Participant: 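One structure follows; several queries about it will come next.
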Amino acid sequence: MQLAEGKRLLHTSQDSLKWKKNNMDNIRVRFAPSPTGFLHVGNARTALFNWLFARHNRGTYILRIEDTDEERSTGEYEEKLIEDLEWLALEWDEGPVKGGGSGPYRQSQRLNIYQSFTEKLLEEGKAYYCFCSIEELEKEKKQAVSRGETPVYSGKCRMISLEDAKKRICAGEQGVVRLKTPGKGELSFEDLVRGRVCFNLKYQGDPVLVRSSGLPAYNYAVVIDDSLMKITHVIRGEDHLSNMPRQLLTYEALSFPPPKFAHLSMVMGEDNTRLSKRHGATSVDQFKTDGILSAALINYLALLGWAPSDGSEVLTLEDVVRQFDILKVSKSAAIFDYDKLHWLNRQHMRKLIPSEQAKQSYPYLYKAGLMPEEQDMSGNHWEWLEKAMEYFIEKVDHFSDLPEHFNALFEFSLDELDVEAQEILNSECAGKVLKSIADKIKKIVLLDFDKYAELTKEIKAETGCKGKDLFRPLRVALTTKTSGLDLDKFIPLVEEGARLVFPKPMLNCALRITKVIDHIKLK
RNA sequence: GCCCCUGUCGUCUAGCUUGGUCUAGGACAUCGCCCUUUCAAGGCGGCAACACGGGUUCAAAUCCCGUCGGGGGCGCCA
């Protein structure tokens, strides 16, 4: 009932307009990753949805680094993270490097801020020092679970007066700071994607605000940071949903008005467990090296849990920004479908202009030893690459598959002919056809496809071979393969490529034919 | 175990708010056909879903209750 009510509020156009007027001004959202590893696509999706929400509403998108986990956070991961976000083109308006009016944007540089709020909470009696050992707490927890209850901290250190506690701290005793929670009653809030969500506070014990190391716990730092940075909408993963009671209570203790929340469903692997390495690529970095375009990844991620109202699927970033609506985001978890990503990538690859296709493909071809160093790439090289890409782009769904296809242009090994190819070359017609073409091809300076067509006509007349008997020997003679390449594309590429300098030389058609004839004679 | 979230084709989703227009639409994958001297690409078509059980109603994918399934959380991690 409540849920339906809430949802309706957000969907009627009149109310929605009013809602927009009141809340859509000065929209501020943030993406707050911790630099403890490579950027996971699940997190990238969270970043994307935040970014989309900001851009759609002309708001501000903030990047904040949550590096209070001393053991796992590193500067290298932060750099990598920034690099990945830049690659995805999810530019932030405020954040590390860039700066902004609500900095610093690394939690590790905000410790004094948290401290001043802790003092205040302690003085007001809203928080207290706790000296319970981890072992003690573990024991209590286990007992609760064995009784079939939700483990909740007993709150026994509430008894200790602030004065006594401070003395113990000064004496060097280790302690944490906990928030006093009511331990009863209900708490609910309106989630932008889930509707009204309720919690029973009897399951909410006194959460740790400050660890014994003096560093703030996540749930404490976010609340302060989001408040001070004037975040209006917190869009994050569903795994944070159960943190809501303690965070809402912390907002209350701090007298900060809570922002709006939207909890996004998780991204799963095909076996319906959280997407992880054993499902395949999971980090943005990995998709990048696999030759997925950032535009395609973004497009796919946007479609994971959201769909534009017109049902179109191949979208540019601008399309998505224009149509994005957080209220239409799906509530249920989504399985990451590599096939669809690859299909989308193919669509985006095709939409690139030829020069961009060549540019994007070059690193992969260079790495495979097929293209010269960048400084040795002449204008003719690039022109040739563009032409080649026009053809090969149809064959692949990511750039890293390109070298394998390009290889067919460079490789000409008659020692590795398969059985079928052998048979074709040994056929009666093959002999006649090859002899005929060998004579004629010498007189042609540059074989293009028109000349090739003329040639085949003449050969046909001369030898009486036609159809399969004519074309299959020619294909094998030129490519050493029985299938794969369109000869009308292959021939001009090889002819022009043979005039360029590559790490592996490319043979022109005349040479290929000569070699094949020698090869047959040897036998 | 307890708490929270979630459930439409194999997968992502449209439809659910305002019940009838849904013999449930699209896309990926898959299968078949066409095109083609090969392989692809492309074109056309097929298969395929409202988790289950109860209500409410003339009418339920849509509203209500329950069951079951899936996920998340239960840290001095974030």
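All chains are named by letter (A, B, ...) in the order of the sequence lines, taking the proteins before the strands, and each is independently numbered beginning at 1. No experiment lies behind these values; they were computed from the predicted model shown.
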Participant: B:rA78 P sits how many Å from A:Glu71 CD, rounded?
Facilitator: 10 Å
Participant: Give a yes/no on whether any side-chain N or O of A:Lys481 is located under 4.0 angstrom from OP1 or OP2 of B:rU38.
Facilitator: no
Participant: Which is true for A:His240 with a 4.0 Å heavy-atom rule: it touches a base, it touches only sugar-phosphate, or it touches nothing?
Facilitator: base
Participant: Could you tell me whether A:Arg168 sits above the aromatic face of A:Phe131, with NZ or CZ closer than 6.0 angstrom to the six-membered ring centre and within 45 degrees of the axis?
Facilitator: yes
Participant: With heavy atoms under 4.0 Å as the rule, sort A:Val197 into base, sugar-phosphate or nothing.
Facilitator: sugar-phosphate
Participant: Quick one: on RNA chain B, does A:Asn219 or A:Leu341 contact a more 5' nucleotide (nearest heavy atom)?
Facilitator: A:Leu341
Participant: Which part of the nucleic acid, if any, lies within reach of A:Met244 when heavy atoms closer than 4.0 Å are counted: base, sugar-phosphate only, or nothing?
Facilitator: nothing
Participant: Taking only side-chain N and O atoms of A:Thr68, does any of them lie within less than 4.0 angstrom of OP1 or OP2 on B:rA78?
Facilitator: yes
Participant: Check this one for me: any side-chain N or O of A:Arg194 less than 4.0 Å away from OP1 or OP2 of B:rG72?
Facilitator: no
Participant: Ignoring hydrogens and angles, are the base of B:rC39 and the side chain of A:Ser483 linked by a donor-acceptor pair under 3.5 Å?
Facilitator: no
Participant: Which comes earlier along RNA chain B counting from the 5' end, the contact point of A:Ser332 or that of A:Gly467, where each point is its nearest nucleotide?
Facilitator: A:Ser332
Participant: Just the rounded figure in Å: distance from P of B:rC12 to CG of A:Asn345.
Facilitator: 20 Å
Participant: Quick one: is B:rA78 close enough that its OP1 or OP2 comes under 4.0 Å of any side-chain N or O from A:Arg211?
Facilitator: yes
Participant: What's the closest nucleotide to the A:Lys340 side chain, out of B:rA78, B:rC76, B:rC28?
Facilitator: B:rC28
Participant: Assign A:Arg346 to base, sugar-phosphate, or nothing according to its heavy-atom contacts below 4.0 angstrom with the strands shown.
Facilitator: sugar-phosphate
